[in-house]
Amino acid sequence: MKICITFLSLLAVMVADADHTHDHAAYVVKTKQDLTKYREDCVSKLSIPADLVEKYKKWEYPDDDKSRCYLKCIFEHFGMFDEQNGFNIHNIHHQVAGDNVNHSDELHEKIEKCANQAEDATDACTKAYRGGICFLKENLSLVKQSVAAE
């Protein structure tokens with residue numbers, strides 16, 4: 001009986017811990033083609049004016065309502081953000097680091113720091129914007145490189 005209880009206890013711990021493991025096969029790294037499609041969708045959905053679209057193509061995101069919600073929309077399409085849970089740090093890391101991601105490295109810490117920095121935002125668009133801009137400021141070349149493939 002003790003063996004059975006021990007086994008069930010161990011199984012319960014393993015199942016509970018499964019929520020904290022991250023299946024890299026579940027996230028598919030997005031391409032430049034995906035980014036283009038997501039940009040078009042978000043521009044259309046949010047009625048983004050042409051002058052802002054041109055800025056976004058240059059990786060420039062002014063701090064205004066349209067740009068904040070645009071970044072949220074892009075991050076949602078990438079599977080990096082949702083209103084309920086905020087940022088998915090592991091998906092962001094997987095996108096910028098590729099398939100050989102190591103979630104215990106310095107880059108993961110930087111992503112987490114930026115995501116946490118946005119936690120006090122009062123709305124999802126602002127939260128997505130603050131976290132995204134924080135990460136883009138220091139890692140724009142990595143982000144560009146991550147979506148360079150067709």
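Counting begins at 1 with the first residue of the sequence. Just so we're clear, the structure is a prediction, and the values are computed from it rather than from any experiment.
Put simply, the side chain of Asn91 gets close to the backbone of Gly79: a donor and an acceptor are under 3.5 Å apart. No side-chain donor-acceptor contact under 3.5 Å links Gln145 to the backbone of Val96.
Under the side chain to side chain donor-acceptor pair (under 3.5 Å) criterion, Asn85 pairs with Asp82, not counting sequence neighbours.
Distance NE2/His94 to CG/Asn88: 11.5 Å, rounded to 0.5 Å. To the nearest 0.5 Å, the span separating CD1 on Ile92 from CE on Met80 amounts to 6.0 Å. Taking NZ from Lys66 and SG from Cys125, the interatomic distance works out to 10.5 Å, rounded to the nearest 0.5 Å. Going from atom CD of Gln95 over to atom CZ of Phe75 covers 11.0 Å, rounded to the nearest 0.5 Å. How far CD of Glu109 is from CD1 of Ile89: 11.0 Å, rounded to the nearest 0.5 Å. From Lys55, atom NZ reaches atom OG of Ser67 across 8.0 Å, with rounding to the nearest 0.5 Å.
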Walk me through it: do Leu71 and Tyr61 pass the test side-chain contact (heavy atoms from CB on, under 4.5 Å)? CA-CA 8 Å; Leu71 277 181; Tyr61 304 98; 3.8 Å; yes

Determine whether Glu112 and Phe87 satisfy the following criterion, side-chain contact (heavy atoms from CB on, under 4.5 Å), listing intermediate values before the conclusion. CA-CA 9 Å; Glu112 193 168 27; Phe87 286 100; over 6 Å; no

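By the 6.0 Å and 45° rule, Lys30 stacks over the aromatic ring of Tyr27.
Taking the charged nitrogens against the carboxylate oxygens, Lys72 and Glu76 do have a contact shorter than 4.0 Å, which makes a salt bridge. A salt bridge links Arg130 with Asp120: at least one charged nitrogen is closer than 4.0 Å to a carboxylate oxygen.
The shortest distance between side-chain heavy atoms of Asp65 and Tyr70 does not fall below 4.5 Å. Residues Asn139 and Leu107 meet the side-chain proximity criterion, which asks for heavy atoms closer than 4.5 Å.
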Donor-acceptor pairs under 3.5 angstrom involving side-chain atoms of residues 35-52: please list them, not counting sequence neighbours.
{"residue": "Thr36", "atom": "OG1", "partner": "Lys32", "partner atom": "O", "Å": "3.0"}
{"residue": "Asp41", "atom": "OD2", "partner": "His77", "partner atom": "NE2", "Å": "2.6"}

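Sorted by first and then second residue, the ring pair (Phe, Tyr, Trp, His ring centres under 6.0 Å) pairs with a member in residues 105-133 read His90-His108, His93-His108, His103-His108; sequence neighbours excluded.
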